[in-house]
Structure formats: structure tokens, C-alpha cells
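Source: prediction; values computed, not measured. We count ligands from 1, going down the list as the structure has it; atoms in each ligand are counted the same way.
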Amino acid sequence: MPTSEIKILAIESSCDETSAAVVVNGKVLNNIIATQSVHENYGGVVPELASRAHQQNIVPVVDQALKNAAIDKNELSAISFTRGPGLLGALLVGTSFAKSMALALDIPLIEVNHMQAHILAHFIDDPKPEFPFLCLTVSGGHTQIVLVESHLKMAIIGETRDDAVGEAFDKSAKLLGLPYPGGPLIDKYAKQGDPTKFAFPETSMPGLSYSFSGIKTGILYFLRDELKKNDRFIEENLNDICASIQHTLVNMLLQKLRKAARQHKIKHIAIAGGVSANSGLRMTLQKMAEAERWTTYVPDFQYCTDNAGMIGIAGYYKYLAGEFVDQKVSALPRMKF
Ligand code: KG4
Ligand code: ZN
């Protein structure tokens with residue numbers, strides 16, 4: 001390969017996925033992900049267990065990414081890594097690894113904001129969104145509507161005041177006795193259920209803000225009352241309960257997204273983050289897009305949940321802009337845009 005090529009090794013370790021990817025000239029060559037199953041029985045990610053698993057996984061995952069791309073580490077142009085937001089101990093593993101490797105190879109270091117990277121995952125494959133566009137970024141830790149003006153210029157115009165929507169999916173699933181992460185399981189059972197069977201109260205918030213903590217409490221009381229009447233209520237109605245929960249959450253997400261799109265007069269609309277894998281959200285977004293005449297962008301499933309491919313593509317645009325950081329940089333659990 002000619003030396004003018006930009007070869008970036010990307011590292012992601014913000015939560016419960018240890019991932020490495022090699023990105024050459026903005027093309028993601030691979031995206032190796034080690035998912036931590038250790039959290040399944042705890043109903044959520046256990047931070048200390050996540051850090052330990054990252055430590056075990058990071059060397060093999062990086063090795064595999066380089067081997068798979070047939071690239072020697074000495075050929076790398078830069079290393080990009082997730083600086084935040086995320087779990088401090090988990091972020092520290094990726095941050096320290098990236099810093100040490102960049103120091104040893106004497107190449108630039110690029111910090112990446114995990115939430116911006118979810119949005120930039122749209123630039124991995126075609127079709128790529130046209131600027132400006134709105135991105136509904138929905139994950140286990142965040143729910144944001146972002147106005148994206150360029151690869152590196154973005155502003156949050158709406159977000160949740162409490163729980164993230166992924167958390168609402170996962171906590172509802174936990175109440176139903178499902179393992180973590182419950183979001184994909186709610187999605188699976190919802191496919192066979194009636195979304196209008198049960199009604200859950202939607203919390204209405206001013207402007208473009210969201211709130212998802214009330215719905216979790218609503219579901220808790222609803223289940224408690226129903227279980228008093230019939231202790232097999234959950235197993236007999238699992239599909240309908242999941243479909244109704246999903247319907248409520250998706251509705252809340254899309255109503256605010258439509259409001260934002262109308263306010264900002266933007267017709268290019270994207271979704272990103274783990275919850276953008278949800279089939280109900282994807283389907284209802286398409287229906288809304290037809291009515292509102294939107295052009296929509298939905299990422300490939302492998303780039304919805306946490307992955308280093310998106311950290312690499314974000315790193316590529318920052319490399320082009322000359323945005324590097326020095327060795328003093330440390331993990332930022334609450335990193336802002
Ligand atoms: O982006 P992500 O992998 O990690 C964070 O940055 O948080 O998102 C994980 C979240 C979890 O809450 C998970 O339950 C949710 O995304 N999720 C889903 C689906 N797939 C993942 N939620 C609903 N339906 C899905 N199909
Ligand atoms: Zn994420």
C-alpha cells in the first residue's frame with residue numbers, strides 16, 4: 001500500500017463491548033467485537049466486571065483486527081479511542097492502551113466522543129446523510145436529538161432529563177424477568193404481540209426534552225396489580241406486554257423527533273445507537289418519513305450497538321482536521337460534545 005494512506009487503529013471500551021477496528025482512508029476494513037456475557041445475570045452492566053473483561057479482551061481483539069487487515073502495527077498512521085462518555089474503569093482500559101501504543105509507535109493519538117461516533121457510523125457505508133441532518137441518538141446511556149452540520153460540528157437540541165430510552169427498555173425487561181440486555185428481547189417478543197393491548201402513560205416534557213423514568217414506574221405498578229389477580233400474567237401476555245412497551249417508547253421518541261424536524265425545517269433524518277436496531281423504531285420511522293417526506297438513514301445492525309468501526313471513522317475525520325491529543329489526556333466518563 002502507498003505510504004500516503006491513512007491507516008487508523010480504533011479502540012472502543014466505554015461499556016460492555018471491547019472492540020478494535022482498522023480504518024484505511026475512511027474505509028472500515030474490520031470491526032472485531034468481544035461482547036461481555038458476564039453481565040447477563042446481573043440485570044445490568046457491573047462496572048468492575050466490565051473493566052476486568054476489557055483488560056482480558058483488549059490485546060487479543062487488537063491483535064485480531066491488525067491480523068485480519070494484514071497491517072503491521074508499524075504501518076499505522078494514528079490511534080483513535082473512545083475518551084468518553086462511559087464507565088470510568090472501562091474507559092481507562094481503552095484510553096491507557098491507546099496512549100501506550102501511540103507512544104510506543106510514536107504516532108498521533110485521536111480522542112473520540114462515543115456519542116458523536118454513533119452518529120458518524122452513518123459515514124461508514126452508503127448512502128451517507130446529507131448535511132444538515134437530525135440524528136436521534138438512542139443508547140443505553142443517552143437519548144439525544146442532535147443537529148449535525150458537518151462531520152465534526154454537531155449540537156444537542158433535545159435530550160432526556162433522566163433515564164435513557166435503552167435503560168427504559170432494559171429495566172422494563174428486567175421487571176418481566178428477562179436477562180440483560182433486555183432491549184433486543186423486548187423487540188423479539190414484540191414482533192408476535194399486539195402493541196395496543198396495554199396502555200402505559202407517556203410522560204410529556206416541554207420543548208424537545210424526554211423523560212423515561214415515569215414509564216418504568218408505570219410498568220412496575222401495572223405488573224404488580226395484574227400479578228395480584230393472576231400470578232401467570234407475565235408468561236401468558238409476554239408478547240403483548242413487550243409490544244405495548246415498545247409501542248409507547250417508540251411513540252415518545254418519534255413525536256419529539258418530528259417536532260424537532262418541523263422546528264428546524266430539516267428533512268434528512270438519521271437514527272443511531274443501540275436502540276436504533278429496534279425493529280419497531282425502524283418501521284414506525286419509515287411510516288413517519290413517508291408522511292413527513294423525510295429521507296431517512298438507518299445504520300447497518302453491526303454499527304448500531306457499540307463498535308470500534310465508528311470510533312475509527314470518527315478518528316479518520318479528526319485526522320483529516322488535524323485534531324490530535326497529547327499523552328496527558330485521560331478518560332472522561334461525562335464527556336460533552
Ligand atoms: O449503543 P449501545 O450498544 O451502548 C451504549 O452506548 O449504551 O446501546 C445499548 C442499548 C441497550 O440498552 C440495549 O438494550 C439497546 O441498546 N438495544 C435495543 C435493541 N438492541 C440494542 N433496544 C431495543 N431494541 C433492540 N433491538
Ligand atoms: Zn453506545
Quick one: look up the protein heavy atom nearest [atom] and list residue, atom name and how far away it is.
atom	value
atom 22 (N) of ligand 1	Gly183 CA, 3.5 Å
atom 7 (O) of ligand 1	Gly140 N, 2.8 Å
atom 26 (N) of ligand 1	Asp187 OD2, 2.9 Å
atom 3 (O) of ligand 1	Asp306 N, 3.0 Å
atom 15 (C) of ligand 1	Val275 CG2, 3.9 Å
atom 21 (C) of ligand 1	Gly274 O, 3.3 Å

What atoms of ligand 1 come within less than 4.0 Å of a heavy atom belonging to [X]?
X	answer
His114	6 (O)
His118	1 (O), 6 (O)
Ser139	1 (O), 5 (C), 6 (O), 7 (O), 8 (O)
Ala277	20 (N), 26 (N)
Gly141	7 (O)

Side chains of [Y] and [X]: any donor to acceptor distance under 3.5 Å?
X	Y	answer
Glu12	Ser14	yes
Asn307	Ser19	no
Ser279	Asp187	yes
Thr296	Gln286	yes

task = Kindly confirm or rule out an N or O of Gly166 lying under 3.5 angstrom from an N or O of ligand 1.
result =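 Right, the criterion is met.
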
message = Is it the case that ligand 1 has an N or O less than 3.5 angstrom from some N or O of Ser279?
response =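 No, Ser279 has no N/O under 3.5 Å of an N/O on ligand 1.
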
Passing candidate, side chain to side chain contact (heavy atoms under 4.5 Å, CB included) with Val138, options Asn278, Thr160, Val250, Val165 = Val165

message = Could you walk me through whether Lys216 and Glu167 satisfy the salt bridge (Lys or Arg N to Asp or Glu O under 4.0 Å) test, starting with their C-alpha distance in whole Å, then the side-chain angles of each, then the deciding distance to 0.1 Å, before giving a yes or no?
response = CA-CA 9 Å; Lys216 185 184 63 197; Glu167 212 175 334; 5.7 Å; no

task = For atom 23 (C) of ligand 1, state which one of Asn278, Thr35, Thr305, Asp170 supplies the nearest heavy atom.
result =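 Looking at heavy atoms only, Asn278 sits closest to atom 23 (C) of ligand 1.
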
query = Of the listed options (Gly280, Pro184, Pro181, Cys15), which comes nearest to atom 25 (C) of ligand 1 when hydrogens are ignored and any heavy atom counts?
reply =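 Heavy atom nearest to atom 25 (C) of ligand 1 belongs to Pro184.
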
ask   = Is a salt bridge present between Glu290 and Lys287, judged by a nitrogen-to-oxygen distance below 4.0 Å?
value =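 So Glu290 does not pair with Lys287 through a salt bridge.
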
ask   = Measuring to the Zn ion (ligand 2), does Cys15 have an N/O/S atom at a distance below 2.8 Å?
value = no

key: Check: His151 ring centre within less than 6.0 Å of Phe131 ring centre   = yes

query = According to the interplanar angle, ranging from 0 to 90°, do the rings of His268 and Tyr297 count as parallel (below 30°), tilted (30 to 60°) or perpendicular (above 60°)?
reply =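 Parallel: the ring planes of His268 and Tyr297 meet at under 30°.
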
query = Should the ring pair Tyr210 and Phe212 be called parallel, tilted or perpendicular, given that the plane angle runs from 0 to 90° and is split at 30 and 60?
reply = parallel

task = Is it possible for you to say whether Met115 and Val298 belong to one hydrophobic cluster, with membership spreading through side-chain heavy-atom contacts below 4.5 Å?
result =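 The answer is no; the residues belong to distinct hydrophobic clusters.
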
key: Apex the Zn ion (ligand 2); atoms His118 NE2 and Asp306 OD1; angle rounded to 10 degrees   =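 For NE2 of His118 and OD1 of Asp306, the angle centred on the Zn ion (ligand 2) reads 100°.
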
